[in-house]
Each structure stands twice: as C-alpha cells, then as structure tokens.
Amino acid sequence: MEIIIQPSPEIATTVADRMLARLIREKPAATLGLATGGTMEPLYRELVAMNLDWSRLTTFNLDEYVGLAPGHSQSYHTFMRENLFAHVNIPKQNVNIPDGLTKNIPKFCATYEKRIQAAGGIDLQMLGIGTNGHIGFNEPLSSLASRTRIKTLSPKTRQDNARFFRPGEEAPSHCITMGIGTILESKHCLLLAFGKHKARIIAQAVEGPVTSMNPASALQLHPKVTVCLDAAAASELKLKEYCRWVFDHKPGWQKS
Ligand code: GLP
C-alpha cells in the first residue's frame with residue numbers, strides 16, 4: 001500500500017488527478033471505477049479541466065441508492081452527470097451506474113458483475129471512505145468476499161448523508177453497491193480521504209487489523225493500492241513520517 005500524504009486536500013487531489021490522467025492517456029480504452037461523495041467533487045472538476053479524451057473509456061460506479069430515480073437530485077446518477085459526465089465526451093452507453101429502480105435487484109447485480117468482466121475488469125478504482133470505514137456502500141460487517149448486491153445503510157451513514165436530503169425527506173435506507181470482493185479485483189485502487197474527521201478510520205484501515213468492522217481495511221489484501229491523504233486525514237497514522245519519507249525518496253522511475 002502506498003500512502004501519499006500531502007499538506008492540503010487540493011494538492012492531494014492534484015496528485016490523484018495526475019494518476020487518472022496518466023492512465024487515460026496511456027490506455028484510452030481503459031475501464032474506470034468511479035466513486036461519489038464530496039471528496040470526489042474537486043477531483044472531477046480538475047479532471048474535466050484537463051480536457052482528456054473520454055470517447056473510448058468505460059466507467060462503472062460503485063453504488064446507488066435503492067428507490068431513487070436517476071433524475072432525483074440526490075441520486076448518484078445526478079451526482080455523476082453534474083460533476084463529470086455532462087462535461088466530458090464519454091458515450092452514454094459506456095457509463096454504468098447501478099439502477100436504483102430495478103425491479104429485480106439480484107438479477108441486476110449479477111449482470112453488473114458480468115458487465116465489469118466483459119469490459120476486461122476495472123483498471124483503476126476510485127474510492128472514498130465513510131467515517132465508519134465503508135468503501136462504496138460496504139458497511140461494517142460486509143463480507144470481505146462480497147459481490148455487487150443490495151445493502152442496508154448503517155445508522156451512521158444515514159446520519160452522515162442526511163444533510164444532502166431536504167428537511168422532512170427521508171434518506172434512503174438501502175443501496176446497491178459493488179462488493180468488497182468486486183473492488184479487490186480492480187487492478188489498482190486509489191483511495192482519497194481528507195479532513196480530521198477521517199483520521200481515526202484511516203489509521204485503523206491502514207495500520208489496524210483486516211476486519212469487516214472496517215471494510216476499507218480489506219484493501220490491505222490488495223497488491224496495488226494508493227491512499228492519497230491530506231495532513232489532517234493522516235494525523236493519526238503511527239507511521240506518517242515514514243510514509244512521507246518513502247514518498248519524498250521515491251526512485252525517479254517510479255514517479256508518476
Ligand atoms: C458515500 C459514498 C461513498 C463515499 C462516502 C464518503 O457514502 N457511497 O462511496 O466514499 O460517501 O463521502 P465524502 O467524500 O463526502 O466524505
């Protein structure tokens with residue numbers, strides 16, 4: 001696991017954007033795994049400004065709320081359209097986001113997995129992290145071998161995400177999410193976390209035991225994970241000085 005600690009979220013975002021841009025330039029028909037959440041907004045803004053060619057890329061989003069139509073203001077379809085897809089030249093048919101209105105969830109999830117495989121697997125999976133350690137919407141106690149499926153959101157996640165819904169509007173209780181097993185099959189995972197409120201869960205995910213109580217800790221089992229942090233999110237890492245030293249002394253040929 002490579003831990004990259006930068007002084008600010010802005011600089012850490014630029015580091016992550018450079019990695020994404022490099023992949024898109026080197027492999028124009030790459031398959032990207034995309035994430036939502038506030039952490040991703042500046043990342044997508046910068047990526048859009050880079051004017052890259054998205055015409056041959058395929059994307060798979062991690063998750064979507066069950067019961068929300070694609071046009072709902074808080075659906076992840078809307079998030080992706082507003083933050084990214086409306087501003088790049090990706091063909092509609094290359095965009096895959098779980099369907100929150102599907103009538104047959106198990107069948108939809110099995111098809112989603114097959115579509116990822118048919119696309120050659122995910123080259124780079126973007127990940128945020130919930131304050132309870134969720135990646136995608138794999139809440140604590142998710143099986144580390146799980147595949148795309150329905151999940152019940154934890155009270156903590158519903159509380160964290162309630163701010164996005166109008167007063168009186170109930171935040172959804174269920175979602176469809178890629179599983180931890182699905183995520184672990186990506187060729188490269190790039191996790192971003194910023195802010196003091198993420199410091200404890202990041203320290204546990206990176207330095208703690210692998211446990212379904214902190215789903216992000218499963219990334220320790222993946223051969224190629226990059227974790228991009230700002231100083232606040234890295235503040236509880238015991239080995240933060242070591243991580244900084246490693247990054248500052250990376251051999252030239254390894255630098256992106
Ligand atoms: C949601 C998404 C996650 C994301 C998390 C973090 O719950 N399903 O994929 O990682 O938000 O959000 P934020 O970046 O706003 O902290």
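Sequential numbering from 1 along the given sequence is applied to the chain's residues. Both backbone and side-chain heavy atoms feed into the values below; hydrogens, waters and symmetry mates do not. Whatever order the structure lists ligands and atoms in, that order sets their numbers, starting from 1.
Between Lys198 and ligand 1, at least one N/O pair is under 3.5 Å apart. At least one N/O-N/O distance between Gly38 and ligand 1 falls below 3.5 Å. Close N/O approach between Ile129 and ligand 1 is found [any backbone or side-chain N/O within under 3.5 Å].
Contact annotation for Asn161 and ligand 1: only side-chain heavy atoms (C-beta onward) come within less than 4.0 Å of the ligand. Under 4.0 angstrom from ligand 1, the non-hydrogen atoms of Asp63 all belong to its side chain.
Using cut-offs of 30° and 60° on the angle between ring planes, the pair Trp245 and His249 is parallel.
Within ligand 1, counting atoms from 1 as listed, the ones closer than 4.0 Å to a heavy atom of Gly37 are 12 (O), 14 (O), 15 (O).
Glu139 and Thr157 share a donor-acceptor pair across their side chains, judged by distance under 3.5 Å alone. Side-chain polar atoms of Ser142 and Arg149 form a donor-acceptor pair below 3.5 angstrom.
His188 pairs in a side chain to side chain contact (heavy atoms under 4.5 Å, CB included) with only one of the listed residues (Ile122, Asp123, Val225, Thr226), which is Thr226.
In this structure the side chain of Phe247 reaches within 4.5 angstrom of the side chain of Glu2, judged on heavy atoms. Put simply, the side chain of Met126 does not reach to within 4.5 Å of the side chain of Leu32, judged on heavy atoms.
For atom 11 (O) of ligand 1, the nearest protein heavy atom (residue, atom name, distance) is His134 NE2, 4.1 Å. Among protein heavy atoms, the minimum distance from atom 1 (C) of ligand 1 is reached at Tyr76 OH, 3.5 Å. Of all protein heavy atoms, the one closest to atom 10 (O) of ligand 1 is Gly128 C, 3.0 Å.
Within the set Thr39, Leu43, Thr36, the minimum heavy-atom distance to atom 13 (P) of ligand 1 is found for Thr39.
Taking the ring centroids of Tyr65 and Phe164, they lie at or beyond the 6.0 Å cut-off.
The closest approach between any non-hydrogen atom of Gly136 and ligand 1 is below 4.0 Å. For the ligand labelled ligand 1, residue Phe194 lies outside the 4.0 Å heavy-atom shell. Using 4.0 Å as the threshold, Met40 has no heavy atom nearer than that to any atom of ligand 1.
Leu192 and Ile135 fall into different hydrophobic clusters, defined by Ile, Leu, Val, Met, Phe, Trp and Tyr side-chain heavy atoms under 4.5 Å apart, directly or through other members.
A salt bridge links Glu236 with Lys196: at least one charged nitrogen is closer than 4.0 Å to a carboxylate oxygen.
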